[in-house]
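Please read the structure below before turning to the comments.
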Amino acid sequence: MAKAKKEGYLSSKESRRISRENRRITNEYEKQRKRKNVPESEYLTEMRDPNNAVEFDNLHTYFFTDAGTVKSVDGVSFDVPIGKTVGVVGESGCGKSVTSLSLMQLLQRPQGQVVEGSIRLNMGDKAYDVTKMPNEKMQNIRGNAVSMIFQEPMTALNPVFRIGDQVNEVIELHDGVGKSKSDIKARTIELLEMVGIANSEGVYKMFPHELSGGMRQRVMIAMALACNPRVIIADEPTTALDVTIQAQVLDLLRNLKDKINSSIMFITHDLGVIAEMADYVVVMYAGRIIEKGTAEEIFAHPAHPYTIGLMASKPVVGKQVDKLYSIPGKVPNPINMPNYCYFKDRCELCVEPCGGAYPGEVSLSPTHKVSCYRYYDKKEEN
């Protein structure tokens with residue numbers, strides 16, 4: 001009698017079939033991305049609200065792997081208003097970074113692709129749908145209108161080039177027309193001073209390994225701000241830093257955002273940082289937004305059981321507990337997601353309808369929205 005196959009087991013024949021199908025799908029997307037001389041009308045769009053810097057609208061970003069399709073971002077919609085900070089929180093693997101990489105078109109391709117939805121970017125006099133922009137046009141946007149501060153500066157900075165050369169390159173590429181080498185150097189030194197580096201002339205000539213973690217992160221911020229971008233994506237910029245340097249970097253970001261009137265999309269799992277930095281908060285779980293609202297609404301009145309669990313697991317100064325709360329269970333398999341609420345198997349506040357289809361978004365206030373069956377009898381579903 002043949003042994004039953006283990007759950008999740010793939011035969012080599014099935015794996016080859018998935019690989020062939022993935023290549024067929026991703027080749028189509030890549031063909032679209034690599035087109036030359038694409039007319040602007042193809043990716044020109046209109047903002048739903050001109051006061052927003054970025055609008056994510058039903059974004060679906062998938063990774064086509066040999067084991068199956070991972071729906072990393074599965075129908076995400078939220079706005080980043082001009083001059084505001086939006087904090088995106090959630091545990092590792094929930095889709096925070098993939099959402100920001102979709103905006104930058106820096107997904108690991110060809111496996112990673114935006115398959116549906118739009119990302120509208122406000123350029124002032126016009127708006128672009130980033131998901132439809134070809135590679136050659138995206139080069140003008142990336143680092144210029146939208147820039148990113150990466151999580152680990154030691155891997156983001158090139159170890160074989162001096163700091164000055166790396167910052168100079170950004171200015172030369174996007175803002176170098178009519179500027180001499182001495183003008184570009186002066187601008188780089190000005191940026192290094194702006195981010196609080198005292199010995200800017202010395203740091204200009206140094207290699208990344210000669211700087212501390214905090215100094216490297218400041219250099220990353222200087223590079224991100226080089227062209228006065230409209231949107232700054234900060235992907236856990238303080239994770240590897242100690243608390244005092246973390247506070248300095250957060251103050252620096254806050255002040256510089258006001259100085260150049262940029263918007264910040266702040267990605268982190270640290271609720272303390274979000275409480276200090278963000279005007280609006282988006283809570284993600286398993287590739288979907290489960291709650292969003294103003295920082296005051298999310299922290300004072302968390303609605304979704306997952307958000308409540310996150311708040312409960314945060315240590316509070318002056319409150320003595322024997323053991324910190326931990327959300328039970330684990331995240332479902334991303335290749336085989338359930339057809340009911342993704343948090344149901346971990347939820348301690350379930351109600352009877354939770355076994356039904358994935359819950360729709362419910363408005364608790366004009367700005368506070370949650371996807372949970374517990375509120376269906378209180379508010380009308382959107």
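Small disclaimer: the values here were computed from a predicted structure and weren't measured.
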Exercise for the section: Check the surroundings of atom NZ in Lys344: do more than 12 heavy atoms from other residues, nucleotides or ligands lie under 6.0 Å from it? Expected result: yes

Problem - Evaluation steps, side chain to side chain contact (heavy atoms under 4.5 Å, CB included), between Ser118 and Thr45 - result: CA-CA 10 Å; Ser118 58; Thr45 186; over 6 Å; no

Handout entry: Side-chain donor or acceptor of Glu291 paired with backbone N/O of Ile298 under 3.5 Å
Key = no

Problem - Within one Ile-Leu-Val-Met-Phe-Trp-Tyr cluster: Ile82 and Val54, side-chain cutoff 4.5 Å - result: no

Handout entry: Pairwise distance CG(Leu157) to CE(Met223) - rounded to 0.5 angstrom
Key = 6.0 Å

Practice task
Check whether the side chains of Asn22 and Ser19 place a donor and an acceptor atom closer than 3.5 Å, and report yes or no.
Solution key: no

Exercise for the section: Measure the CD1-OG distance between Ile327 and Ser313 for me, rounded to the nearest 0.5 Å. Expected result: 5.5 Å

Practice task
Could you go through the side chain to side chain contact (heavy atoms under 4.5 Å, CB included) check for Lys84 and Val80 one step at a time?
Solution key: CA-CA 7 Å; Lys84 301 290 184 184; Val80 181; over 6 Å; no

Practice task
Identify the two heavy atoms, one from Ile274 and one from Val88, that lie closest to each other, and give their separation to 0.1 Å.
Solution key: CD1-N, 4.2 Å

Handout entry: OH/Tyr325: more than 12 non-hydrogen atoms of other groups inside 6.0 Å
Key = yes

Problem - Under 3.5 Å: donor-acceptor pair, side chain of Ser72, backbone of Thr61 - result: no

Exercise for the section: Check for a donor-acceptor pair, side chain of Glu297 on one end and backbone N or O of Thr294 on the other, with a separation under 3.5 Å. Expected result: yes

Exercise for the section: Measure the shortest side-chain to side-chain distance between Gln105 and Asn135 over non-hydrogen atoms and say whether it is less than 4.5 angstrom. Expected result: yes

Handout entry: All salt bridge (Lys or Arg N to Asp or Glu O under 4.0 Å) counterparts of Arg35, not counting sequence neighbours
Key = Glu42

Exercise for the section: Measure up the Tyr306 and Phe343 rings against each other and bin them: parallel (under 30°), tilted (30 to 60°), perpendicular (over 60°). Expected result: perpendicular

Exercise for the section: State the CZ-CD distance between Phe64 and Gln111, to the nearest 0.5 angstrom. Expected result: 10.5 Å

Exercise for the section: Taking the side chain as every heavy atom from C-beta outward, state whether Met215 and Met206 have any atom pair closer than 4.5 Å. Expected result: no

Handout entry: Ser363 side-chain N/O to Pro366 backbone N/O, donor-acceptor pair under 3.5 Å
Key = no

Problem - Joint cluster assignment, Val70 & Ile25, ILVMFWY side-chain distance < 4.5 Å - result: no

Practice task
Indicate yes or no for a side-chain donor-acceptor contact from Glu136 to the backbone of Asn37 under 3.5 Å, with no hydrogens or angles considered.
Solution key: yes

Problem - Cluster link Met265 to Met47, ILVMFWY, side chain under 4.5 Å - result: no

Handout entry: Ala224 to Ser147 - nearest heavy-atom pair and separation
Key = O-OG, 2.7 Å

Handout entry: Donor-acceptor pair, side chain of Asn122 and main chain of Asn52, under 3.5 angstrom
Key = yes

Fill in the blank from the handout: Closest non-hydrogen atoms of His304 and Cys372, given as atom of the first, atom of the second and distance, are CD2-CB, 4.0 Å

Practice task
Could you pull out all residues at least two apart from Lys126 that satisfy salt bridge (Lys or Arg N to Asp or Glu O under 4.0 Å)?
Solution key: Glu40

Practice task
Begin from the C-alpha positions of Ser262 and Asn228 and carry the test side chain to side chain contact (heavy atoms under 4.5 Å, CB included) through to its verdict.
Solution key: CA-CA 8 Å; Ser262 287; Asn228 294 338; over 6 Å; no

Practice task
Drop me the distance from Ser97's OG to Met104's CE, to the nearest 0.5 angstrom.
Solution key: 12.5 Å

Exercise for the section: Could you tell me whether a side-chain N or O of Thr99 sits under 3.5 Å from a main-chain N or O of Gly95, the two making a donor and an acceptor? Expected result: yes

Handout entry: Within-4.5 Å side-chain heavy-atom neighbours: Val38 and Lys137
Key = no

Problem - For Glu193, all residues meeting side-chain hydrogen bond (donor to acceptor under 3.5 Å, both in side chains), sequence neighbours excluded - result: Ser200

Practice task
Taking the side chain as every heavy atom from C-beta outward, state whether Gln217 and Ile149 have any atom pair closer than 4.5 Å.
Solution key: yes

Practice task
Please confirm whether the backbone N or O of Pro81 pairs with a side-chain atom of Asp79, one donor and one acceptor, at under 3.5 Å?
Solution key: no

Exercise for the section: Check the surroundings of atom CG in Asp125: do more than 12 heavy atoms from other residues, nucleotides or ligands lie under 6.0 Å from it? Expected result: yes

Practice task
Taking all non-hydrogen atoms of both residues into account, name the closest pair between Met148 and Leu101 and its distance.
Solution key: CE-CD2, 3.9 Å

Problem - Heavy-atom side-chain proximity of Val219 to Ile197 below 4.5 angstrom - result: yes

Problem - By ring-ring contact (aromatic ring centres under 6.0 Å, His included) - contacts of Tyr358 (at least two apart) - result: Tyr342

Practice task
State, without any angle test, whether Ser15 and Asp66 hold a side-chain donor-acceptor pair at a distance under 3.5 Å.
Solution key: no

Handout entry: Single hit among Met284, Arg288, His269 for side chain to side chain contact (heavy atoms under 4.5 Å, CB included) with Cys94
Key = Met284

Handout entry: Tyr204 vs Ile189 side-chain heavy atoms within contact, under 4.5 Å
Key = yes

Exercise for the section: Could you tell me whether Glu30 and Arg33 make a salt bridge, using a distance below 4.0 angstrom between a side-chain N and a carboxylate O? Expected result: no

Practice task
Applying salt bridge (Lys or Arg N to Asp or Glu O under 4.0 Å), name anything that partners Lys292, two or more places apart in sequence or on another chain.
Solution key: Glu361

Problem - ILVMFWY network linking Tyr340 to Met337, side-chain heavy atoms under 4.5 angstrom - result: no

Practice task
In sequence, state the C-alpha distance, the side-chain angles, and the governing distance for Val283 and Tyr285, and then conclude on side chain to side chain contact (heavy atoms under 4.5 Å, CB included).
Solution key: CA-CA 7 Å; Val283 185; Tyr285 180 78; over 6 Å; no

Fill in the blank from the handout: For Arg120, the salt bridge (Lys or Arg N to Asp or Glu O under 4.0 Å) test, sequence neighbours excluded, returns Glu55, Asp57

Exercise for the section: Please examine the side chains of Arg254 and Met277, heavy atoms only from C-beta on, and report whether any two atoms are closer than 4.5 Å. Expected result: yes

Handout entry: Non-hydrogen side-chain atoms of Val130 and Met138 separated by less than 4.5 Å
Key = yes

Exercise for the section: Give, for atom CD1 of Ile308 and atom CG of Leu349, the distance between the pair rounded to the nearest 0.5 Å. Expected result: 5.5 Å

Problem - Within 6.0 Å of NZ in Lys179, more than 12 heavy atoms from elsewhere - result: yes

Practice task
Examine distances only and state if a side-chain atom of Ser263 and a backbone atom of Gly83 form a donor-acceptor pair shorter than 3.5 Å.
Solution key: yes

Exercise for the section: For Lys257, look at atom NZ and say whether over 12 heavy atoms of other residues, nucleotides or ligands are found less than 6.0 Å away. Expected result: yes

Problem - Plane angle bin for Phe207 and His209 - parallel if under 30°, tilted between 30 and 60°, otherwise perpendicular - result: parallel

Practice task
Treating Ile, Leu, Val, Met, Phe, Trp and Tyr as nodes and any side-chain heavy-atom pair under 4.5 angstrom as an edge, say whether Val115 and Met133 lie in one connected cluster.
Solution key: no

Problem - Donor-acceptor pair, side chain of Arg230 and main chain of Ala145, under 3.5 angstrom - result: no

Handout entry: Least distance between heavy atoms, Arg187 atom then Leu225 atom
Key = NH2-O, 4.0 Å

Problem - Inter-residue atom distance Thr188.OG1 - Ile171.CD1, 0.5 Å rounding - result: 3.5 Å

Handout entry: Polar contact flag, side-chain donor to acceptor under 3.5 angstrom, Glu116-Asn58
Key = yes

